[in-house]
Every structure is written in C-alpha cells, then in structure tokens.
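Remember, it's a predicted structure, so these values are computed and weren't measured experimentally.
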Amino acid sequence: MKNILTAPFVEEMKKVTANMYRLGWDERNGGNISYMLDANEVAEYLDFDKVIRTIDTGFNADKLIGKIFIVTGSGKYFKNVQEDPEANLGIIRIAEDGITAELLWGYREGGRPTSELPAHLMSHMARLSVDPENRVVMHTHPTHTLAMNYVHELDEKKFTHTLWEMCTECIVVFPDGVGVLPWMLCGTNEIGEATAKKMEEFRFVIWGMHGIYGAGKDMDETFGLIETVEKAAQIYMLTAHLPRINTIKDSEMVELAEYFGVNYRKDFLNL
Ligand code: 2HA
Ligand code: ZN
C-alpha cells in the first residue's frame, strides 16, 4: 500500500487550499471543498475494508452510494491543510443507506466533514445529472465577488451581464452565467437544496452576502472558473464608482461566444 500523504489527490487539496488562503478568500474556517475520487486510484493507498468510524450526514445522498470523496473538515482552516492534511481533511465513502459517511482516512482527533456537506453532496448530484464528468465542488468567500454583492443588484441576468462586461474572457469561461441565491442560513439542508437546484443550470452559484459555490470536472477548471469571476468582480469594484467611458458591447460578446464556440445564455444579453 502506498503512503496516502503522497497521493496526487491529497497534493491537489493541499495546493488549492493554500492558494485560496493566500488569495484571502478563506479566512479562519471559511470555505470547504469536496472532490470525488476514482476508487481504483484510492485503492492504491487505502484498504476499503477498514472503516475508521461512521458519520451521519443528516440527509439522503442515494445517487452517490459507494462514491468516495476527499472533503475539508468542519471548523478546519484552509491555512493549516498543507502542514497537517490528516487532521484537516478526510476521505469518506457514502454507505449503502445513502445517509451515512464511512470515514476511510483523516479527521484525526474526531473531526467530521464540513458543515456544508449537504450543499456539497446535493451539488455533486445535481451537476452529475447534467455533466457526468463533474468531480469538484468548492465553496469559498472571494473578496471582490462578495463586495459586489453589497453594491450590485442580486439578479442573475444583471449580475452575469456586469461580470461579462468586465473581462473579455468572461463570456467564454462562464457562458452559462452565474446563479444567485438570496441570503440564506448556511449549513442547512434548505440551502443545500436551493444550491443544488441552481447547480442544474449553473456551475457558479452566489450565496448572497456570504460567498460562492463553484463546480467543475477537476481542480484547475473549478478554481479557474472562480478566479475568473473574482477577477471580473475586482475590475467592477475598482471602476464602479468612476464614470464609465468604455465597455464591452453585447454585440462583441456575441462575437466572442461565436468565435470560441460556446453555448451562452442569450437571454442574459440585451440584444
Ligand atoms: O465552513 O464557509 O459556509 C465555513 C463556511 C460556512
Ligand atoms: Zn462560507
């Protein structure tokens, strides 16, 4: 059996949490990540018959039975993942009943998966129903995107349109736009269900005045999506209080989308 601390998926979690922490998106215990793993790959590092303990998730993830995830721990800090992955991360398998998580590694000292596990697993189910390649769900508090929540209408069409105007690459990177939820109590099944509903349509969902959820087929794609939205929000926050002299026009966005062959939300443009 190979040493789990050398597994590429543990390395990826260490790298991405360190990056997000240094970008200032994940203060204290802010943010959480779940990453669906390939069972054959995990089998090189862990004995599937050795369940350390079981954890009640509080809801039924029946479409994920038998699936294995590496997930950041509840109350844990992204800042600390790199130096002690075994205390701050865990590898869980969704048990036969759909509601129990079987701990295969990590959460040393009695930890458990993120309090946002319902939103994560429900988002995985929703994304997989529209994109069988989806593997990653990330929740984070990107500074400028969050700042923008306070000064921009929380309307999907208007919010997406503003972001698309801020960087030429935006309509190409997230042609599906961004979904928006109002402020809601976090950590609950209700916000999980609302997030998952949006995830059927969007890979990026804003939790009003809290943060965002992003999804994708791998770490780079998901992180790249989030940093692109965040960059656009930063440009917006740097310019929103100044007279606007220039902008990317809707006709130019159409040109971009057509040239790069992306299927974009035509109803989010004013054509
Ligand atoms: O896990 O970000 O939404 C900490 C959070 C809760
Ligand atoms: Zn949060």
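- Around NZ of K50, the count of heavy atoms belonging to other residues, nucleotides or ligands within 6.0 Å does not exceed 12.
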Using distance only, find each side-chain donor-acceptor pair of residues 199-208 under 3.5 Å and give its atom names and separation, not counting sequence neighbours.
unit_1: E201; atom_1: OE2; unit_2: R265; atom_2: NH1; d: 2.6
unit_1: R203; atom_1: NE; unit_2: D176; atom_2: OD2; d: 3.0
unit_1: R203; atom_1: NH2; unit_2: V173; atom_2: O; d: 3.0
unit_1: R203; atom_1: NH2; unit_2: D176; atom_2: OD1; d: 3.0
unit_1: W207; atom_1: NE1; unit_2: T195; atom_2: OG1; d: 3.0

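- Looking at residues two or more places apart in sequence or on another chain, you find a ring-ring contact (aromatic ring centres under 6.0 Å, His included) between Y236 and H152.
- By the ring-ring contact (aromatic ring centres under 6.0 Å, His included) test, F9 is found to be paired with Y45, residues two or more places apart in sequence or in another chain being considered.
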Kindly list each side-chain donor-acceptor pair under 3.5 angstrom involving residues 64-80, sequence neighbours excluded, with atom names and distances?
unit_1: T72; atom_1: OG1; unit_2: I33; atom_2: N; d: 3.0

Atom pairs and distances, side-chain donor-acceptor, residues 91-100, under 3.5 Å, sequence neighbours left out:
unit_1: R93; atom_1: NE; unit_2: E102; atom_2: OE1; d: 2.7
unit_1: R93; atom_1: NH1; unit_2: F48; atom_2: O; d: 3.3
unit_1: R93; atom_1: NH2; unit_2: F48; atom_2: O; d: 3.1
unit_1: R93; atom_1: NH2; unit_2: E102; atom_2: OE1; d: 3.1
unit_1: D97; atom_1: OD1; unit_2: I99; atom_2: N; d: 3.0
unit_1: D97; atom_1: OD1; unit_2: T100; atom_2: N; d: 2.9
unit_1: D97; atom_1: OD1; unit_2: T100; atom_2: OG1; d: 3.3
unit_1: D97; atom_1: OD2; unit_2: T100; atom_2: OG1; d: 2.6

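- Sorted by first and then second residue, the pairs that involve residues 161-173 and meet salt bridge (charged side-chain N to carboxylate O under 4.0 Å, His left out), not counting sequence neighbours, are E165-R244.
- A donor-acceptor distance shorter than 3.5 angstrom exists from the side chain of T160 to the backbone of V178, with no hydrogens or angles considered.
- Partners of D49 under the side chain to side chain contact (heavy atoms under 4.5 Å, CB included) rule, at least two apart in sequence or in another chain, are D47.
- Environment of CG in D267: crowded, with over 12 heavy atoms of neighbouring residues, nucleotides or ligands closer than 6.0 Å.
- The residues E12 and K15 are annotated as not salt-bridged, no charged nitrogen and carboxylate oxygen being separated by less than 4.0 angstrom.
- A donor atom on one side chain and an acceptor atom on the other are not found under 3.5 Å apart for K14 and N88.
- Listed by first then second residue, pairs satisfying salt bridge (charged side-chain N to carboxylate O under 4.0 Å, His left out) with a partner in residues 127-150 number zero, not counting sequence neighbours.
- Applying the salt bridge (charged side-chain N to carboxylate O under 4.0 Å, His left out) test to every pair with at least one member in residues 111-126, sequence neighbours left out, gives no pairs at all.
- Residue R53 comes nearest to Y107 through the heavy atom pair NH2-O, 2.9 Å, listed as atom of the first residue, atom of the second, then distance.
- Without hydrogens or angle criteria, E41 side chain to D38 main chain gives no donor-acceptor distance under 3.5 Å.
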Anything under 3.5 Å between a donor and an acceptor, one on a side chain of residues 215-226, the other on a protein residue two or more places apart or in another chain? List them.
unit_1: K217; atom_1: NZ; unit_2: E221; atom_2: OE2; d: 3.2
unit_1: D218; atom_1: OD1; unit_2: D220; atom_2: N; d: 3.3
unit_1: D218; atom_1: OD1; unit_2: E221; atom_2: N; d: 2.7
unit_1: E221; atom_1: OE1; unit_2: K217; atom_2: N; d: 3.0
unit_1: T222; atom_1: OG1; unit_2: G216; atom_2: N; d: 3.2
unit_1: T222; atom_1: OG1; unit_2: D218; atom_2: O; d: 2.7

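- Residues meeting the ring-ring contact (aromatic ring centres under 6.0 Å, His included) test with H141, sequence neighbours left out: H139, H210.
- Considering only residues two or more places apart in sequence or on other chains, F268 meets the ring-ring contact (aromatic ring centres under 6.0 Å, His included) condition with none of them.
- Hydrophobic clustering, with ILVMFWY side chains joined whenever heavy atoms are under 4.5 angstrom apart, groups V137 together with F174.
- Residues T17 and Y21 form no side-chain contact, since every pair of their non-hydrogen atoms from C-beta on lies 4.5 Å or further apart.
- A chain of hydrophobic side-chain contacts below 4.5 Å, direct or via other Ile, Leu, Val, Met, Phe, Trp or Tyr residues, connects M148 to I248.
- No donor-acceptor pair closer than 3.5 Å links the side chain of T239 to the backbone N or O of L242.
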